[in-house]
Chemist: 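Okay, here's the structure, questions in a sec.
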Amino acid sequence: MAYDYKAIEQKWQKYWAEHQTFRAKQPQDFEGEPKPPFYVLDMFPYPSGAGLHVGHPLGYIASDIYARFKRHKGFNVLHPQGYDSFGLPAEQYAIQTGQHPAKTTETNIKRYREQLDKIGFSFDWSREVRTSDPKYYKWTQWIFIQLFESWYDADVQKSKAISELISIFENQGNSKIDAVCDEDTPAFSASEWSAFSEEQKEEILLNYRLTYLAETEVNWCPALGTVLANDEIVNGVSERGGHPVTRKKMKQWSMRISAFAERLLSGLDNLDWSESLKETQKNWIGKSVGAQLKFNIKNSKSLIEAFTTRPDTIYGVSFMVLAPEHDLVTQITTPEQKEEVEVYIKAAAKRSERERMADVKTITGAFTGAYAEHPLTKEPLPIWIGDYVLAGYGTGAVMAVPCGDQRDHDFANHFGISIPNVFDGIDISQEAYADKTNATKIANSDFLNGLGVLEAIPKAIEALQKLGQGEKKVNYRLRDAVFSRQRYWGEPFPVYYVNGLPKMIDEKHLPLELPEVEKYLPTEDGAPPLGRANDWAWDTKSNKVVSNDKTDHKTVFPLELNTMPGWAGSSWYLFRYMEEQNNRDQHIASEKALEYWNSVDLYIGGSEHATGHLLYSRFWTKFLNDKGVLPVNEPFKKLINQGMILGESAFVYRWNYNVEGENFKTVFVSKSIIDESIRNEEMLINYSESVANQIYKILDGVQLKSSKTQSSHFSPLHVDVSVVNASNQLDIESLKNIKPKFKDAHFITNELGKFTVGREVEKMSKSKFNVVNPDDVCEEYGADSLRLYEMFLGPLEQAKPWNTAGLSGVHNFLKKLWKLYHDGDQFSVSEEPASKEALKTLHKTIKKVTQDIEDFSFNTSVSTFMICVNELSQQKCNSREILEPLAVLISPYAPHIAEELWERLGHSGSISEVQYPLFDEKYLKEDSKTYPISFNGKMRFTMDLSLDLSKDKLEEIVMADERTQKQLDGRTPKKVIIVPGKIVNIVG
RNA sequence: GCUCGGAUGGUGGAAUUGGUAGACACGUUGGACUUAAAAUCCAAUGACCAUUGCGGUCGUGCGGGUUCAAGUCCCGCUCCGAGUACCA
């Protein structure tokens, strides 16, 4: 019987579903001691309308292999899947078509599920989550409330209940605690606190809450009608769609993730993540250690605070620069400078983020007319404004040290400000000296003279501290994350407003479900889509959502109109999977389940989530750990980024032929002809008789101008990869059928009537017509072939192009594997003991494959299987002793064929939990080795020699060999290097 | 600019502590089977030279170095990719 992958795969997919083969057990399901848990997770997909292409399952296949391997190794494996089902595309589609996003999302999920099922994943679907399910987002809202009810104690680096903070305020005000809060929070005593009105208290508390409402400058994207987070902006335009982004002030919910900066940074050390990913998070958090200095302003009570990492260069300060948006600017600008400053501020505000970034070279700024006072020398320092100083970083002000910072150097040069030098023996006339090497000594700096950087920094801080004008400070680049979106398809905030102040809906009334709206657009007066809902007011009496007409601001209040961002639901979903569906109502997951499953042992997904999802979920995990909700403070122990699978786009080339008169026909020329014609430096018409005839026929009567063929005469156009075969030949008829715009086009083919296309590797996308669909591959070769091929393609973490041609190789391998267990059409294995070589082949394979799985080197294990099957075929081995363990070995990779063979071997039930074969060294023991015999490091021939031989004996035998004598040609070797079991090298 | 990766045949990619470079697969070529095709099987396949046979020279982006021995280690470059970007 031939290998009928279609029947086999269908059969086993059905079996797995019916028997719930991959359902994970909860600890209480075991009689006696539970099996050790192992949690393998994929980044859950956003179910887009385009469906899956072959790039998506790459990571899923890798994690599935690992999950299946761990089951064979005796673990209780949790390998769930779900959907990140809130999001922009469904809403954009709703705006265009009027269809409810819930409906399109449902359709898309169905399609995803079908596609995933065909690949044979061992997912436990009984635990599926969807972020848009009210039963799920009830807990997203619950976490939001917990954040609102918390503040951060920087002293012990822990989040605590807000009630605790209130009692601290009541007893001692806010001066003695080290709580993370907004920069502009005023200081108050206990009695002042008591004297505040309830509303004032609420406003102050908002400065401390871990999620807070604040007027923030946000990244507003007019085209998308929403605010974007920093990580949703790439090169100054929106990640989705590439629309321009501008700065705008809006009242927004924010997350005080900055409070967790230090923990997010130090926690990285214990994670088994790739160095590059950790590096990306480190840079994003951007810790810098330095000092915060206070500069008095002449003739003013105000101070300028500036952060610096180089307090040792304090004597090199010759001016100050404020960000144009800095609050002090209007206060201190002198009447003479007022006009110039205002013009500058206006111009700076107009420059979009993108322009500012693109144009770093142009130096701009304006003098305010005011002077600050140097804290040590008391010299006046002119105060400038310049847009190279960012309002959002540090204090929005810098002490400019032109000798030590290139930007300050450029600015000083441009505006003719002096550049005092504080480095001993360094020439700073051309450029600043920014090195922090301790060997360079500080000069012209009073008490710092002669010190290296490392000694000078603490000394400088000490001196400034004595004056009350500076202290050590750690600064982070990480900004608080804006949490409001002006969108419909997201989690509603469990928030209503009393006198403009936010109140939380009590937990027991959650979820607050998303209301219906008649249109998914913002309202005419610019409110978010929820502003269109008729029933969107909160009745505090009945604790229900009621009609807006009932709003009286006494018992019925308006609800929040924004919704939460995409990362809300994905920040905690991993913990939801830990609990079974029917026990999820009362909590995120039961304590017992959280304790048992702990955290994700292996997480696989794309590196594009480095500074978004992966940072936010670490933040929420730490927070929920502080609260005692979670027993862990990191969500993902080990993380692997799978590389992107790229598409091989196909191009046809339109000939922009040069004519006397009109140009009206669409003519495409085979790539092979173009290339050769260019190489031969001839006219296309002279390429060959066949080509000339075609041209005459198409361009009947047209007079071509003579010129040599050049690539600039052709414009490339994408064509769908499905109409191109593995040899790059285009099926012209099919192309005309699927793309009517080619209907009347002419195609100039080579002598054999073939038309070849050009190829280029690009990102796989619909617009490039290079998408390969996994369904098609499963149809043509089967899921096991798809799985093996995706792994065979190359290292998991590396980007690589998809090349359909290679699929037949792994498919052939499966056929060969099948044949090992069959004699002609008959299933046939022998009960005879296996030969020595067969056992050696098997154990060699066990050893290598086990090692490869542990190293996530799946490409090499596929090769190993190929070698194994090749060898066993050669040996004509069909012994059960070999073939049984082989089926288990390969089952994580090609589960369908493995199940089928296992059944044919006479077993009932799934192969999935059969013990993984154990490696035994004794089968690999060799008594001889094929030694490479090298001369001066170059291998000349090999010799089979016993491994028992001593070094001397080896040398004797090698030297006696006639080939050795021939190589030496009468010379006496200077030296003979012998590494037993490895190599013989003769020098001389 | 900075940080992190990477560069090996026609192609995707192997190569454990430095120890036979190019495993495995694709592609290509030749052969067997077949009326023919497909499928299958066998053989060859880094480049160059030699060829009746034995064989030889070069070769892992470039230039140096360490070593009996370097794809692997060290120094200096080039190019490509990713992330990040006026962060004081």
Side-chain angles (χ1 to χ4, degrees), chain A residues 2 234-236 274-284 286-288 290 306-310 313 321 323 356-357 359-361 363 386-390 392-401 404-408 410-411 434 475-479 607-608 610-611 641 643-644 726-727 788-789 792-795 797-810 812-813 815-816 819 848 851 855 857 859-868 870 873 930-942 966 973-979 981-988:
Chain A
V234 177
N235 295 330
S274 73
E275 275 314 307
S276 69
L277 192 79
K278 287 193 196 180
E279 199 62 35
T280 306
Q281 287 211 347
K282 270 182 203 161
N283 291 339
W284 192 260
K287 179 177 183 173
S288 46
F307 175 76
T308 177
T309 55
R310 297 294 302 273
T313 60
V321 189
R356 259 177 141 176
M357 277 197 281
D359 180 24
V360 181
K361 293 274 144 60
I363 295 157
D387 71 359
Y388 82 95
V389 177
L390 303 176
Y393 183 75
T395 59
V398 300
M399 61 172 225
V401 183
D405 182 287
Q406 193 55 46
R407 292 155 307 171
D408 296 345
D410 293 343
F411 195 87
N475 225 344
Y476 298 92
R477 196 185 82 108
L478 183 68
R479 306 258 63 84
S607 55
E608 67 273 23
T611 52
N641 290 128
M644 212 192 310
S727 314
L788 282 174
Y789 186 59
F792 189 59
L793 223 41
E797 302 189 62
Q798 206 172 290
K800 55 228 156 208
W802 180 266
N803 178 333
T804 314
L807 259 164
S808 62
V810 290
N812 280 343
F813 157 73
K815 283 198 230 168
K816 274 193 223 166
K819 268 195 200 157
K848 174 85 171 111
Q851 189 58 50
D855 296 344
S857 174
N859 55 327
T860 52
S861 43
V862 177
S863 313
T864 306
F865 284 129
M866 289 174 170
I867 294 167
C868 174
N870 287 348
S873 305
T930 309
Y931 278 92
I933 312 297
S934 314
F935 294 80
N936 298 317
K938 282 189 179 116
M939 204 277 287
R940 284 291 113 109
F941 58 89
T942 59
K966 195 182 159 200
K974 283 198 199 104
K975 211 174 185 183
V976 180
I977 310 266
I978 295 179
V979 185
K982 282 252 162 85
I983 198 173
V984 176
N985 190 17
I986 298 163
V987 187

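Given the structure is predicted, the values throughout are model-derived calculations rather than measurements.
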Chemist: When rounded to the nearest Å, what value does the distance between C1' atoms of A23(B) and U45(B) take?
Modeler: 15 Å
Chemist: Would you measure the distance from the C1' atom in U8(B) across to the matching atom in U72(B) and give it in whole Å?
Modeler: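 Approximately 12 Å lies between the C1' atom of U8(B) and that of U72(B).
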Chemist: Round to a whole Å and report the spacing from OH of Tyr388(A) to C1' of A85(B).
Modeler: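 The distance from OH of Tyr388(A) to C1' of A85(B) comes to 17 Å, rounded to the nearest Å.
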Chemist: Could you work out, with salt bridge (Lys or Arg N to Asp or Glu O under 4.0 Å) as the rule, every residue matching Lys800(A), not counting sequence neighbours?
Modeler: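 Listed in chain order: nothing, the list is empty.
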Chemist: Who passes side-chain hydrogen bond (donor to acceptor under 3.5 Å, both in side chains) against Ser808(A), sequence neighbours left out?
Modeler: none
Chemist: Can you list the residues that meet the side-chain contact (heavy atoms from CB on, under 4.5 Å) rule with Asn641(A), with sequence neighbours excluded?
Modeler: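 Applying side-chain contact (heavy atoms from CB on, under 4.5 Å) to Asn641(A) gives Ser274(A), Leu277(A), Ser607(A), Leu639(A).
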Chemist: Rounded to the nearest 0.5 Å, how far apart are CG of Leu807(A) and CG of Asn812(A)?
Modeler: 11.0 Å
Chemist: Round to a whole Å and report the spacing from NZ of Lys282(A) to C1' of C87(B).
Modeler: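 The answer, rounded to whole Å, is 18 Å.
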Chemist: Reading 5' to 3' and counting Watson-Crick or G-U wobble pairs with both distances under 3.5 Å, write the dot-bracket notation for RNA chain B, | for bases paired outside the strand.
Modeler: (((((((..(((......[....)))((((((.......))))))((((.....))))..(((((..]....))))))))))))....
Chemist: Do the ring planes of Tyr789(A) and Trp802(A) sit parallel (below 30°), tilted (30 to 60°) or perpendicular (above 60°)?
Modeler: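 Rings of Tyr789(A) and Trp802(A): perpendicular, as their planes differ by over 60°.
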Chemist: Please state the C1' separation for the pair G5(B) and A88(B) - nearest whole angstrom.
Modeler: 29 Å
Chemist: Taking the side chain of Val389(A) as heavy atoms from C-beta outward, which of A88(B), U20(B), C86(B) is closest to it?
Modeler: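 The listed nucleotide nearest to Val389(A)'s side chain is A88(B).
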Chemist: Holding to salt bridge (Lys or Arg N to Asp or Glu O under 4.0 Å), I want the full list of residues that pass it with Lys287(A), two or more places apart in sequence or in another chain.
Modeler: Glu262(A)
Chemist: Tabulate protein N/O versus nucleotide N/O from nucleotides 13-17 of chain B, keeping only pairs under 3.5 Å, one per line.
Modeler:
unit_1: G13(B); atom_1: OP1; unit_2: Gln798(A); atom_2: NE2; d: 3.2
unit_1: G13(B); atom_1: O3'; unit_2: Asn859(A); atom_2: ND2; d: 3.4
unit_1: A14(B); atom_1: OP1; unit_2: Asn859(A); atom_2: ND2; d: 2.8
unit_1: U17(B); atom_1: O4; unit_2: Lys982(A); atom_2: NZ; d: 2.6

Chemist: Provide the distance between the two C1' atoms, one in C74(B) and one in A25(B), to the nearest whole Å.
Modeler: 36 Å
Chemist: Quickly work out the Asn641(A) CG to C4(B) P distance and round it to whole Å.
Modeler: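 Taking atom P of C4(B) as the reference, CG of Asn641(A) is at 17 Å.
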Chemist: Can you tell me if Arg477(A) touches the phosphate of A88(B), counting only side-chain N or O atoms and a distance under 4.0 Å to OP1 or OP2?
Modeler: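 Result: no.
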Chemist: For the CZ atom of Phe813(A) and the SG atom of Cys868(A), what is their distance to the nearest 0.5 Å?
Modeler: 7.5 Å
Chemist: Output all residues satisfying ring pair (Phe, Tyr, Trp, His ring centres under 6.0 Å) with Phe865(A), sequence neighbours left out; order by chain, then residue number.
Modeler: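 Scan of Phe865(A) (ring pair (Phe, Tyr, Trp, His ring centres under 6.0 Å), adjacent residues dropped) gives Tyr893(A).
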Chemist: With side chains defined as the heavy atoms from C-beta onward, is the minimum distance between Asn475(A) and Tyr393(A) less than 4.5 Å?
Modeler: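 The answer is yes, as the side chains (C-beta and beyond) meet within the 4.5 Å cut-off.
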Chemist: Could you state the atom-to-atom distance from CZ of Phe865(A) to P of A23(B) in whole Å?
Modeler: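 That distance rounds to 20 Å.
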Chemist: Got a sec, which residues hit salt bridge (Lys or Arg N to Asp or Glu O under 4.0 Å) with Asp408(A), two or more places apart in sequence or on another chain?
Modeler: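 Asp408(A) satisfies salt bridge (Lys or Arg N to Asp or Glu O under 4.0 Å) with no other residue.
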Chemist: Distance check needed: C86(B) P versus Gln406(A) CD, whole Å only.
Modeler: 16 Å
Chemist: Roughly how many Å apart are A7(B) and C77(B), using the C1' atom of each and rounding to a whole number?
Modeler: 14 Å
Chemist: Not counting sequence neighbours, which residues clear side-chain contact (heavy atoms from CB on, under 4.5 Å) with Asn870(A)? List them please.
Modeler: Lys816(A)
Chemist: Look at Arg479(A) and C87(B) and indicate whether a side-chain polar atom (N or O) is within less than 4.0 Å of OP1 or OP2.
Modeler: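 No, because none of the side-chain N or O atoms of Arg479(A) sits under 4.0 Å from OP1 or OP2 of C87(B).
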Chemist: Measuring only the P atom in each nucleotide, how far is A38(B) from A32(B)? A whole number of Å is fine.
Modeler: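 It comes out at 15 Å once rounded to the nearest Å.
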Chemist: What is the distance, to the nearest angstrom, from the CG atom on Leu390(A) to the P atom on C86(B)?
Modeler: 6 Å
Chemist: Picking from C86(B), G27(B), A88(B), which would you name as closest to the side chain of Thr308(A)?
Modeler: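 That would be A88(B).
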Chemist: Decide, for G83(B), between syn and anti: a glycosidic angle within 90° of 0 counts as syn, anything else as anti.
Modeler: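 Anti conformation here, the glycosidic angle of G83(B) being more than 90° from 0.
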Chemist: Taking only the C1' atom of each, what is the distance from G63(B) to C24(B) in whole angstrom?
Modeler: 34 Å
Chemist: Can you tell if the side chain of Ile983(A) reaches within under 4.5 Å of the side chain of Met939(A), non-hydrogen atoms only?
Modeler: no
Chemist: With a non-hydrogen cut-off below 4.0 angstrom, is Asp408(A) in contact with a base, only sugar-phosphate, or nothing?
Modeler: nothing
Chemist: Please report the distance separating the C1' of A82(B) from the corresponding atom of U28(B), rounded so that it comes out in whole Å.
Modeler: 35 Å
Chemist: Any idea which of U20(B), A88(B), A25(B) is nearest the Lys816(A) side chain?
Modeler: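 Selected nucleotide (nearest to the side chain): A25(B).
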Chemist: Over how many whole Å does the gap from Leu788(A) atom CG to C26(B) atom P extend?
Modeler: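 Atom CG in Leu788(A) sits about 13 Å away from atom P in C26(B).
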Chemist: Phosphate oxygens OP1/OP2 of A82(B): is one of them under 4.0 Å from a side-chain N or O of Thr280(A)?
Modeler: no
Chemist: Let me confirm one number: the OG1-CD distance from Thr280(A) to Glu608(A), rounded to the nearest 0.5 Å.
Modeler: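 Rounded to the nearest 0.5 Å, the OG1-CD separation comes out at 12.0 Å.
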Chemist: In whole Å, what is the span from the NZ atom of Lys278(A) to the C1' atom of U3(B)?
Modeler: 16 Å
Chemist: Thr860(A): what forms a side-chain contact (heavy atoms from CB on, under 4.5 Å) with it, not counting sequence neighbours?
Modeler: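 Testing Thr860(A) for side-chain contact (heavy atoms from CB on, under 4.5 Å), a comparison that skips the adjacent residues, returns Lys848(A), Asp852(A), Ser857(A).
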Chemist: From C-beta outward on Met939(A), which listed nucleotide comes closest to its side chain: A88(B), U20(B), C41(B)?
Modeler: U20(B)
Chemist: Among G19(B), C26(B), A88(B), which is the nearest nucleotide to the side chain of Ile983(A)?
Modeler: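 Comparing G19(B), C26(B), A88(B) against the side chain of Ile983(A), the answer is G19(B).
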Chemist: Using the six-membered ring wherever Trp is involved, compare the ring planes of Phe935(A) and Phe941(A) and label them parallel, tilted or perpendicular (cut-offs 30° and 60°).
Modeler: tilted
Chemist: So, Arg477(A) side chain and Asn283(A) main chain: donor-acceptor pair closer than 3.5 Å or not?
Modeler: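 Between the backbone of Asn283(A) and the side chain of Arg477(A) there is a qualifying donor-acceptor contact (under 3.5 Å).
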Chemist: C87(B) phosphate, OP1 or OP2: any side-chain N/O from Asn283(A) under 4.0 angstrom?
Modeler: no
Chemist: Check nucleotides 50-61 of chain B for protein N or O atoms closer than 3.5 Å to its own N or O atoms and list the pairs.
Modeler:
unit_1: G56(B); atom_1: OP1; unit_2: Gln967(A); atom_2: NE2; d: 3.4

Chemist: Restricting to nitrogen or oxygen on both sides, can you table the protein-nucleotides 66-71 of chain B pairs closer than 3.5 Å?
Modeler:
unit_1: C68(B); atom_1: O2'; unit_2: Asn985(A); atom_2: ND2; d: 3.1
unit_1: C68(B); atom_1: O2; unit_2: Asn985(A); atom_2: ND2; d: 2.8

